[in-house]
2 protein chains.
Amino acid sequence: MEEKPGKPLPPVIRVAIVEDDDETRKLTASLLNMYPGIECVGAFERAEDFAAAIASLHPHAVLMDIGLPGKSGIQAVKELKDKHRGTEFIMFTINEDAEQIVEALAWGATGYLLKNTRPEKIVEAIRDVVGGGGNLTTSVTRVLMEVLQANRGNRQLLEKLTAREQETLMLLKDGYSRKEIAKKLFLSEDTVRSHIRNIYEKFEVHNRAQVLKLVFGV
Amino acid sequence: MEEKPGKPLPPVIRVAIVEDDDETRKLTASLLNMYPGIECVGAFERAEDFAAAIASLHPHAVLMDIGLPGKSGIQAVKELKDKHRGTEFIMFTINEDAEQIVEALAWGATGYLLKNTRPEKIVEAIRDVVGGGGNLTTSVTRVLMEVLQANRGNRQLLEKLTAREQETLMLLKDGYSRKEIAKKLFLSEDTVRSHIRNIYEKFEVHNRAQVLKLVFGV
DNA sequence: TGAGAAATCGCACTTTAGTGCGATTGCCGG
DNA sequence: CCGGCAATCGCACTAAAGTGCGATTTCTCA
């Protein structure tokens, strides 16, 4: 595609499925096998079963449901991702909840598909992630963008601050004390105190954590 | 596609281009016009020119370069996005820099394409964003995921904390004082102090901002 | 030229935060 | 049944942080 060559595409992409719904699992497995270059090497009902098999299967990619009985798909990613770097995790779920999306991606999933995604798109996603890219449905992408916008806190607020105040805030954010900030900026402690005071006034807060939350949005 | 119906697709999608390189601009414009349902209604060399024209053009989408002479494409998004909600901004650039990607998306861009993207993919992206989705190339998506993972700080660290310590940390993050936390958790101030002390010890830090940076990653 | 904003600094004062060194209670697993 | 951990609380002390009320200088812009 438009990618720089990440990993070279393997001759046959080995895919596993973890999905508790029998019908979906079997259907998806057989669908995948209809595509040349894709082989479904395992289908599991439970994350625990997959965890036990992953080492011998060494799949290139796994379609992972989130709402599983027992261990959740996200938990599974969390636990398996680091130990199995050759396997890419694609979340495969009905859930479009922003929190879950962010969770899954933050723990190392590289794809996130909704279950009603058309088979060609699923295959495309598998090829993408195995090739070193990321693949989300457009709606998931949009959700992610919204989270990004919300999560950034109000960085626009930074523009309300003067240059010196901004510098001060950046050091504040890194956990430096007034004394340390003064040394770094070649100012007296009192000046730093003054800048901080002004920041608080502009944002109507009364301590550091509140500023950080407001501006950088934790 | 696999989307829930966002906005209804307009009969003809009006697209504008902001791109300083003559060849790329003209080529892209004519390419777009070859697709049914897509009309290039304006092509600009500078963000300022586009800003002056957007109100009368009311494009559904705009392909926006980042590295422009004068005002940058990101700056343009920042200034125009809120006032023109009917226009979706797609960054169209050679730059795959993580910071810029995050910046652009955080300010409200809903697409991010690399310039070597094939025309069909560009058109697909335009249709996606106008339809209420988001569209990034797979490599940009991957970058975004990496940022997400890095940016989350070490949330895994949370697991090192006991239940009470976690509760305390959450309130700390919201800028509450020891006294306030004590009241909220029905504890004595000294107990809260004790929990905080333990948190600091486990993470080897010495003040609130440092914990927040470490765990939530500002 | 004159008002205002930005940047610098000072001091006295109160409130929080952080550290050191304890204690008791209860629960859980080997 | 015992050792360890979690959770609770106490106190004394030092170090920061935050507030109130100033000041001077420099620079810009109307």
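Within every chain, numbering begins at 1; the chains are lettered A, B, ... in the order of the sequence lines, protein sequences first and strands thereafter.
A heavy atom lying under 4.0 Å from DNA chain D marks the following residues of residues 163-170 of chain B, by number: B:Ala163, B:Arg164.
Contact annotation: B:Thr162 does not reach the phosphate of D:dC5 (side-chain N/O to OP1 or OP2, under 4.0 Å). Taking side-chain N and O atoms only, B:His195 has a distance below 4.0 Å to OP1 or OP2 of D:dT8. Within the 4.0 Å cut-off from OP1 or OP2 of D:dT8, not a single side-chain nitrogen or oxygen of B:Thr191 is found.
Residues forming a salt bridge (charged side-chain N to carboxylate O under 4.0 Å, His left out) with A:Arg193 (at least two apart in sequence, or on another chain): A:Asp190. Partners of B:Asp97 under the salt bridge (charged side-chain N to carboxylate O under 4.0 Å, His left out) rule, at least two apart in sequence or in another chain, do not exist in this structure. Every residue was checked against the side-chain hydrogen bond (donor to acceptor under 3.5 Å, both in side chains) condition with A:Asn198, not counting sequence neighbours, and none meets it. Under the salt bridge (charged side-chain N to carboxylate O under 4.0 Å, His left out) criterion, A:Glu39 pairs with no residue, sequence neighbours left out. In terms of the side-chain hydrogen bond (donor to acceptor under 3.5 Å, both in side chains) criterion, residue partners of B:Lys78 (sequence neighbours excluded) are, by chain and number, A:Glu159. Applying the salt bridge (charged side-chain N to carboxylate O under 4.0 Å, His left out) test to A:Arg46 and every residue at least two apart in sequence or in another chain returns A:Glu48. With sequence neighbours excluded, the residues that form a side-chain contact (heavy atoms from CB on, under 4.5 Å) with A:Glu167 are A:Arg164, A:Leu185. B:Phe50 is linked by a ring pair (Phe, Tyr, Trp, His ring centres under 6.0 Å) to B:Phe44, counting only residues two or more places apart in sequence or in another chain.
Across the protein-nucleic acid pair, B:Lys183 atom NZ and C:dT16 atom P stand 11 Å apart, rounded to whole Å. Between B:Lys202 atom NZ and D:dC5 atom P there is a gap of 10 Å when expressed in whole angstrom units. Computed from coordinates, the A:Ile199 CD1 to C:dA7 P distance equals 11 Å when rounded to whole Å. Rounded to an integer number of Å, the gap from CG of A:Asn198 to P of C:dC9 is 14 Å. Rounded to a whole Å, the CG atom of B:Leu172 is 8 Å from the P atom of C:dA17.
Between the side chains of B:Glu19 and B:Thr28, no donor-acceptor pair is found at a separation under 3.5 Å. In this model, a donor atom of one side chain and an acceptor atom of the other lie less than 3.5 Å apart for A:Thr110 and A:Glu88.
Each end of the helix from C:dT1-D:dA30 to C:dG30-D:dC1 yields a helix axis from five base pairs, and these two axes differ in direction by 50° (to the nearest 10 degrees).
Heavy-atom minimum distance, A:Asp174 versus B:Gln210: O-CG, 4.2 Å.
Around the NZ atom of B:Lys183, the shell of radius 6.0 Å holds no more than 12 heavy atoms that belong to other residues, nucleotides or ligands.
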Q. When you check every protein heavy atom under 4.0 Å of nucleotides 12-24 of chain D, what one-letter string (B, S, -) results, 5' to 3'?
A. B---SBBBBB---
Please list, for nucleotides 28-30 of chain C, all pairs of protein and nucleotide N/O atoms separated by less than 3.5 Å.
none

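A:Lys115 contributes atom NZ, which lies 6.5 Å from atom CG of A:Asp21 (distance to the nearest 0.5 angstrom).
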